[in-house]
2 protein chains.
Amino acid sequence: MRPALNPSPRPTARDAIIDAAIRLWSRNPGATFSEVALHAGVGRATLHRHFRNRDELLTLLAEICIAETNEAVAATIVQGASARRQLQGMFEAVIPLGDRYSFLYRAEIGDEHTTAEYRRQLEQVAALVGRLKSEGAVAADVPTAWVVAQIDQLIWSAWNEVASGRIAAADAADLATRTLLYGLGKEKQP
Amino acid sequence: MRPALNPSPRPTARDAIIDAAIRLWSRNPGATFSEVALHAGVGRATLHRHFRNRDELLTLLAEICIAETNEAVAATIVQGASARRQLQGMFEAVIPLGDRYSFLYRAEIGDEHTTAEYRRQLEQVAALVGRLKSEGAVAADVPTAWVVAQIDQLIWSAWNEVASGRIAAADAADLATRTLLYGLGKEKQP
DNA sequence: CCGGGATGGTACAGAACTGTCTCAAGAGAG
DNA sequence: CTCTCTTGAGACAGTTCTGTACCATCCCGG
């Protein structure tokens with residue numbers, strides 16, 4: 001075999017651990033290392049071989065989630081598009097990641113680099129809100145922090161409703177955009 | 001002293017524990033019994049005298065929070081008022097309770113009575129949404145579950161913004177109502 | 001002044017979790 | 001086939017949390 005460009009030679013176990021940890025800690029942030037190993041179908045010792053301790057795994061997960069989100073957003077956003085269209089694109093990209101993203105809300109990440117990266121993401125959203133305002137898509141008299149918070153919450157609840165089957169995945173992004181810009185007080189605007 | 005109508009003869013310690021537990025577990029659901037005792041300014045032994053174990057305390061806290069919310073809502077809602085007005089009243093009543101209410105989102109309550117009571121609260125909100133729809137304040141084509149989720153999220157984020165000082169407490173309920181009904185896409189409606 | 005009840009501090013055993021180690025088994029490359 | 005690397009299983013000690021018990025102290029009412 002040629003020298004692997006991929007640094008992980010046999011990634012199955014490692015990937016299974018990462019997946020199980022994200023899935024499990026999303027629902028129960030206090031879940032035990034043993035439980036993670038069990039759900040990953042992996043021995044607890046193997047888990048410790050890949051990740052020295054809880055913090056190391058948690059930090060990696062956070063980095064993965066942030067990177068996945070950045071990637072998804074970057075792939076969807078069209079540079080020349082209107083801010084209004086970029087908002088819609090962001091919803092479309094990020095809502096399906098809800099289950100991988102959600103544990104970040106609860107996790108207490110100590111790592112500086114990770115928190116800085118997260119803050120950077122929020123700032124990007126704030127910048128998008130600024131563009132929405134100058135386009136007239138969002139009212140100027142609303143605090144930007146409030147709009148950012150609403151976008152965050154909409155992503156979360158949209159994924160939540162999709163995951164529980166109450167809303168079709170295809171409708172989620174539209175519904176989120178509509179809710180943010182026009183509210184739920186009248187029929188859908190053109 | 002006459003036989004106390006109040007079943008708790010010397011409530012200071014007990015109250016301090018309840019308060020500290022709500023405050024602490026809201027931020028850190030995994031906080032230890034020792035930490036709760038420490039923050040309550042009470043010996044750990046005393047804590048165990050009042051509450052046999054974690055579940056007992058947690059269940060009581062949930063019941064208290066639900067009762068507080070019911071009480072606050074009931075005191076504010078005017079029977080004859082429009083659903084639109086009742087929504088505003090609910091926001092005004094519940095947003096200030098955010099810090100006491102928030103830990104319920106994360107806590108895993110096993111108690112049947114408590115979860116039933118919580119479900120009942122959600123159903124009341126759903127009923128309010130139904131009335132909003134028949135009044136024409138909320139569009140009929142939006143799933144009720146979505147509206148309920150938005151109301152829940154608005155309460156949480158409104159309290160959050162108030163708590164972090166980014167938004168004035170007096171404006172919070174108005175902003176939440178506006179966001180829900182009219183969205184953030186245009187200047188405030190009359 | 002005196003006694004009962006609540007409290008704080010501490011000690012203790014049991015349980016759960018963590019992190020490390022060892023050893024046997026299995027899968028894949030050469 | 002053989003060698004190497006990874007894995008699963010389990011043992012182990014150390015730490016933390018839990019729930020209980022005990023005792024000295026304090027406050028309150030009588």
Side-chain angles (χ1 to χ4, degrees), chain A residues 1-62 64 103 106-111, chain B residues 1-62 64 103 106-111:
Chain A
M1 185 196 258
R2 71 187 192 286
L5 295 177
N6 188 331
S8 50
R10 204 182 293 179
T12 50
R14 186 183 172 90
D15 285 358
I17 292 169
I18 290 173
D19 207 62
I22 290 179
R23 208 179 304 270
L24 200 55
W25 281 344
S26 291
R27 292 175 311 179
N28 174 16
T32 261
F33 241 49
S34 310
E35 293 178 79
V36 174
L38 192 69
H39 277 70
V42 158
R44 195 171 63 90
T46 302
L47 203 157
H48 276 286
R49 279 185 203 105
H50 286 277
F51 307 97
R52 195 177 306 279
N53 52 35
R54 188 189 192 84
D55 271 357
E56 189 174 314
L57 178 52
L58 200 58
T59 303
L60 176 68
L61 294 188
I64 288 175
F103 87 103
R106 326 188 163 190
E108 302 250 336
I109 313 283
D111 185 62
Chain B
M1 184 195 260
R2 71 186 192 284
L5 296 176
N6 189 331
S8 49
R10 204 183 292 180
T12 51
R14 188 184 170 90
D15 286 357
I17 292 169
I18 291 172
D19 205 63
I22 290 178
R23 208 179 305 268
L24 200 54
W25 281 343
S26 291
R27 291 175 311 179
N28 174 17
T32 259
F33 241 51
S34 309
E35 294 178 78
V36 174
L38 192 68
H39 277 71
V42 157
R44 194 170 64 89
T46 302
L47 202 157
H48 277 286
R49 277 185 204 107
H50 286 277
F51 307 98
R52 193 176 307 278
N53 52 34
R54 188 190 193 84
D55 271 357
E56 190 174 314
L57 178 52
L58 199 58
T59 303
L60 177 69
L61 295 188
I64 289 175
F103 86 103
R106 325 187 166 192
E108 302 249 336
I109 313 283
D111 185 62

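In the text below, chain A, chain B and the rest are named by the order of the sequence lines, each starting its count at 1. In what follows, every heavy atom counts, from backbone to side chain, and hydrogens, waters and symmetry copies are set aside.
- Distances shorter than 4.0 Å separate none of the side-chain N or O atoms of A:Ser34 from OP1 or OP2 on C:dC17.
- Between A:Leu47 atom CG and D:dA9 atom P there is a gap of 13 Å when expressed in whole angstrom units.
- Of all the heavy atoms in B:Val36 and B:Ile17, the pair that sits closest is CG1-O, 4.3 Å.
- Remark: P of D:dT18 and CZ of B:Arg44 are 8 Å apart, rounded to the nearest angstrom.
- Nearest heavy atoms, B:Arg54 versus B:Phe33: CA-CE1, 3.5 Å.
- For the residue pair B:Leu60 and B:Arg14, the shortest heavy atom distance occurs at CD2-NH2, 3.7 Å.
- With the nearest nucleotide of DNA chain C identified for both B:Val42 and A:Thr32, B:Val42 has the one nearer the 5' end.
- If you take CZ of A:Phe33 and C1' of C:dC17, they are 11 Å apart, rounded to a whole angstrom.
- Distance NE2 (B:His48) to P (C:dA13): 17 Å, rounded to an integer number of Å.
- Scanning all heavy atoms of the two residues, the minimum distance from B:Arg27 to B:His39 falls at NH2-NE2, 4.3 Å.
- In this structure, of D:dA21, C:dC21, C:dT20, it is C:dT20 that holds the atom nearest to the side chain of A:Arg52.
- Mapping B:Arg54 and B:Arg49 onto DNA chain D by nearest heavy atom places B:Arg54 closer to the 5' end of the strand.
- Rounded to an integer number of Å, the gap from CD of B:Glu56 to C1' of D:dT18 is 14 Å.
- Note: CG (B:Leu38) to P (D:dT16) measures 16 Å, nearest angstrom.
- As rounded to whole Å, 17 Å separates atom C1' of C:dT18 from atom CZ of A:Phe51.
- Residue B:Gly30 is classed as having no contact, given no heavy-atom separation below 4.0 Å to the nucleic acid.
- Closest approach of A:Ser26 to A:Ile22, counting heavy atoms only: OG-O, 2.6 Å.
- In this structure, A:Leu57 places its CG atom 12 Å from P of C:dT18, rounding to the nearest Å.
- In this structure, A:His50 does not reach the D:dT6 phosphate: none of its side-chain N or O atoms is under 4.0 Å from OP1 or OP2.
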